[in-house]
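The structure appears right after this line, and notes come after that.
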Amino acid sequence: MTPDVRDRAGRPARVEAGQGDDCPIPATSWDRALHLIGQADEVALACHVTPDGDALGSMLAVAFVLRSMGKRVVASFGDRQFAVPRLLRFLPGQDMLVPPEAYPAAPELMIVFDSSTFERLGLLGTNAAMARELVVVDHHPSNAGFGTLSLIDAQAAATAMLAEQLVYRLGGRLDRDIATCLYAGLVTDTGSFRYSSTTPAVHQMAARLVATGLRTDEIARELWDRSPFGYLKVLAGALERVTLEHGPAGGLVWTYVTRVDRAAHGLPYSELEGLIDIVRRTDEAEVAVVLKEDDQGDWQVSTRSKGTVDVAAVCAALGGGGHHKAAGYTSHDTVEETMAKFRHELRKVS
Ligand code: 5GP
Ligand code: MN
């Protein structure tokens, strides 16, 4: 199944699809996925709550292909306040999204993306529990596999790499819309090709996507280089109270943003995604933490490490999960209590 990929001049581009021989997902699993999709009239797709580029991009890319195959497609994520984050509104295919209320209660076939646990599906966890078949497409090392079929590769830099595989295996044509969705996933999870997960396979995939003529400059601007003015004000407040502590892990830098701070500047929660990238630059700190109060009053805790500390282990102990150097969890405590518990768990792994 060779996808029809063209370069900017419209010439056929050479394509080497896939992750090569080291993909740990057995051929039988891919075959099973194709079989389940082949049998289904309707396919229900979901990704994790407050989706990032990898979650939403992977899901929408596969949605495009399924739709072109004549399937009925619904796609969603289980947020109480259902809204696509402003920085992902440029992604094509959003007409295929439905709010969780409109999602089938017991899908015949449900495919979930970039979600390491059931809990990450939020409101759609109930639907997933009722699904006849539940396919899990993910790259989190912490994902133990919770559906009826796992397509999990913990080595993959992004779920988008697995979504690309699925697109090809379904015989899909890699057009610019699909490539834009996949590219958003790839650049989000590799920090724009800066993280250690950026392998030759990542660049090869990027080359295939860029060959469809997508605008990497416009995508980069949408994802990282714009925000409402209020962001600067909220950022100023967060940086004003940033704290550097010396501890067993070799330095902990942290700050927080309340929903009152955001409300004062009309800033939606999703605009805070990039704040951790500013805080984690701190040379003196091995670990960076940002506590973000969401609209429900819960703290969404973003954590990063430079590599010595496994923040996924720390976050898993606190009810969350993620990757070695980037992980998170939800806290219902105060800022002080949240940080006290975090330091306690951090000491255990340091
Ligand atoms: P971020 O700080 O960008 O929101 O999340 C970083 C990484 O941590 C994500 O890629 C995701 O894998 C993981 N993560 C964030 N929040 C949670 C959570 O509440 N539960 C789990 N299991 N993982 C999370
Ligand atoms: Mn991801």
Side-chain angles (χ1 to χ4, degrees), residues 46-62 77-79 85 87-88 112-122 125 136-146 151-164 181-192 195 197-198 202 205 223-224 254-257 269-280 287-294 296 298-305 309-333 338 342 345:
C47 66
H48 66 69
V49 289
T50 53
D52 58 13
D54 192 32
L56 192 62
S58 298
M59 175 171 79
L60 290 175
V62 172
F77 43 90
D79 284 80
L87 66 168
L88 295 177
V112 299
F113 295 86
D114 205 39
S115 306
S116 55
T117 61
F118 230 86
E119 289 67 45
R120 293 284 283 158
L121 297 172
V136 175
V137 183
D138 190 28
H139 71 131
H140 289 94
S142 57
N143 194 326
F146 54 89
L151 301 174
I152 301 173
D153 179 359
Q155 300 296 322
T159 295
M161 297 185 84
L162 303 170
E164 189 204 22
C181 292
L182 292 174
Y183 188 83
L186 198 63
V187 292
T188 297
D189 271 32
T190 59
S192 209
Y195 302 161
S197 55
T198 310
V202 166
M205 174 171 166
L223 287 174
W224 298 297
W254 67 278
T255 191
Y256 63 92
V257 174
Y269 170 80
S270 62
E271 297 287 340
L272 298 179
E273 193 176 307
L275 177 54
I276 186 72
D277 292 320
I278 297 170
V279 175
R280 74 179 170 86
V287 174
V289 176
V290 174
L291 283 64
K292 301 171 287 186
E293 189 180 11
D294 65 19
Q296 283 73 50
D298 295 324
W299 291 101
Q300 301 299 334
V301 186
S302 283
T303 71
R304 300 290 185 269
S305 94
V309 171
D310 180 4
V311 283
V314 178
C315 292
L318 294 162
H323 309 276
H324 187 94
K325 296 187 201 170
Y329 64 98
T330 303
S331 168
H332 306 286
D333 299 320
T338 301
F342 182 85
E345 292 302 329

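All of these numbers come straight from a predicted model, not from anything done at the bench. Counting starts at 1 for both ligands and their atoms, in listed order.
No side-chain donor-acceptor contact under 3.5 Å links D333 to the backbone of T338. Judged by distance alone, the side chain of H139 and the main-chain N or O of A154 form no donor-acceptor pair under 3.5 Å. A donor-acceptor pair is defined here as one N or O able to donate and one able to accept, closer than 3.5 Å; such a pair exists between the side chain of S58 and the backbone of A160.
Ring planes of Y256 and W299: perpendicular class, angle over 60° (limits at 30 and 60°).
With 3.5 Å as the limit, one finds a donor-acceptor pair spanning the side chains of D114 and T159.
Here OG1 of T198 is found 8.0 Å from CG of L186. Values are rounded to the nearest 0.5 Å. Going from atom CZ of R304 over to atom CZ of R280 covers 7.0 Å, rounded to the nearest 0.5 Å.
Within 6.0 Å of the CD atom in Q296, the count of heavy atoms belonging to other residues, nucleotides or ligands exceeds 12.
L275 places a side-chain heavy atom less than 4.5 Å from the side chain of V257.
Neighbouring protein atoms of the Mn ion (ligand 2) (N, O or S, distance under 2.8 Å, waters ignored): D54 OD2, D114 OD1, H139 NE2, D189 OD2.
For ligand 1, the 4.0 Å heavy-atom shell contains residues S116, R120, H140, S302, R304, G320, G321, G322, H323, A326, A327, G328, Y329.
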